[in-house]
Amino acid sequence: MDLGIQGKWALVGGASRGLGWGCARALALEGVNVVMVARRPDVLAQSVQALQAEAGTGVTLIGVAADITTEAGRAAVWGAAGGPGQGFDIVVTNAGGPPPGDFRQWGREQWLQAVEGNMLTPIELIKTTIDGMAERGFGRIINITSSAVKAPIDVLGLSNGARSGLTGFVAGLARSEIATRGVTLNNLLPGKIDTDRIRATLPAMAAKAGKSVDDMRALQQKQIPAGRYGTAEEFGRICAFLCSVHAAYITGQNILADGGAYPGTF
Ligand code: NAP
């Protein structure tokens with residue numbers, strides 16, 4: 001299926017690894033030009049180079065090494081993109097998630113960081129890009145959030161809280177007059193997708209449960225109806241479809257990519 005987005009410009013946050021990389025890759029393979037953002041310049045440069053080799057010379061990929069959750073980082077992104085960001089047709093908001101823990105240990109500073117990274121940053125990115133999309137009559141905004149928005153995970157209180165704030169905001173904006181102007185906003189909710197982040201959290205979880213890392217991985221996968229973790233590649237392709245011309249009638253939705261792990265009927 002031709003997704004009909006060849007030649008568009010996309011901004012993808014957290015794009016050197018994991019879910020952001022999966023989205024950047026799927027878009028680039030559809031002929032979309034992508035500005036890829038991540039903090040570590042060396043890892044980002046490698047990812048951009050590898051993706052350029054895969055996607056070919058027909059697409060332009062630009063790596064911007066910046067912390068997208070800061071004002072300075074976003075200014076670097078707009079600078080590299082040649083303006084204030086009005087030219088993007090597709091924006092995938094994504095960065096690292098807040099740490100797990102006990103809410104009794106979190107102070108105002110931890111909460112502000114979580115809200116800054118997982119609620120206000122996506123809102124700032126949307127604010128800067130959405131009017132340009134509406135003027136041109138086409139826009140796709142995808143926020144990578146978490147299945148924890150629908151089924152909260154107790155130790156991820158910072159994530160549950162901050163991401164729910166974003167979800168509420170997006171639900172309203174997606175249904176505003178912007179819906180008549182070719183712009184859709186959706187949230188893509190990963191369950192367990194096999195990325196560095198998942199691999200990094202396994203040893204601590206295994207130690208806590210008194211299991212080996214391999215046993216812990218097997219146990220987690222058994223609890224997912226699909227019997228496995230998802231892959232960044234397949235997650236990216238869902239994202240690319242939501243960005244396509246064919247997904248114009250999908251807006252204001254929270255779409256789970258979790259192998260059936262969320263147990264509810266709706
Ligand atoms: P990952 O494999 O660790 O990749 C994160 C990517 O984002 C890297 O490219 C990283 O590069 C970049 N990044 C992190 N913080 C950044 C920042 N402040 N500014 C710019 N780039 C940043 O993580 P992931 O699994 O893809 O997770 C992505 C998001 O989805 C996280 O918010 C996570 O909580 C959420 N999520 C993931 C899963 C899952 O199963 N994987 C499930 C639920 C929710 P640098 O470190 O170099 O910046």
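Numbers here are sequence positions counted from 1. On a predicted model such as this, the values are computed, not experimentally measured, just so you know. Counting starts at 1 for both ligands and their atoms, following the listed order.
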Quick one: nearest non-hydrogen protein atom to [atom], plus distance?
atom	value
atom 16 (C) of ligand 1	R39 NE, 3.4 Å
atom 33 (C) of ligand 1	R197 NE, 3.4 Å
atom 18 (N) of ligand 1	D67 OD1, 2.8 Å
atom 36 (N) of ligand 1	P190 CG, 3.8 Å

Report, in ascending order of atom number, the atoms of ligand 1 lying under 4.0 Å from any heavy atom of [X].
X	value
D196	2 (O)
T195	2 (O), 24 (P), 25 (O), 41 (N)
A66	19 (N), 20 (C)
G96	14 (C), 15 (N), 16 (C), 31 (C), 32 (O)
A95	16 (C), 17 (C), 28 (C), 29 (C), 31 (C), 32 (O)
I193	39 (C), 40 (O), 41 (N)

[X], portion touching ligand 1 at heavy-atom distance under 4.0 Å:
X	value
I198	side chain
R163	side chain
N94	side chain
K192	backbone

Donor-acceptor contact present, side-chain [X] to main-chain [Y], <3.5 Å:
X	Y	value
Q52	G56	yes
R39	D67	no
N186	G252	yes
Q220	A218	no
R136	F88	yes
T195	L19	no

Salt bridge or not for [X] and [Y], using N-O below 4.0 Å?
X	Y	value
R199	D194	yes
R25	E54	yes
R74	E71	no

Going by heavy-atom distance to [atom], choose the closest among [options].
atom	options	answer
atom 44 (C) of ligand 1	I153, T70, T145, L189	T145
atom 19 (N) of ligand 1	I68, T121, D258, L188	I68
atom 11 (O) of ligand 1	G13, S16, G117	S16
atom 38 (C) of ligand 1	G97, G191, S146	G191
atom 7 (O) of ligand 1	G14, S147, C23	G14

Is [Y] reachable from [X] through a run of I, L, V, M, F, W or Y residues, each pair having side-chain heavy atoms under 4.5 Å apart?
X	Y	answer
L125	I90	no
I198	L158	no
M119	I130	yes

>> N143 vs T93, test: side chain to side chain donor-acceptor pair (under 3.5 Å). Steps then yes/no.
In response: CA-CA 5 Å; N143 303 296; T93 75; 2.7 Å; yes
>> Polar contacts were defined as any N/O atom of the residue lying under 3.5 Å from an N/O atom of the ligand; does this apply to L19 and ligand 1?
In response: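 N/O-N/O distance below 3.5 Å exists for this pair.
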> What do you reckon, does A38 have a nitrogen or oxygen under 3.5 Å from a nitrogen or oxygen of ligand 1?
Replying inline: no
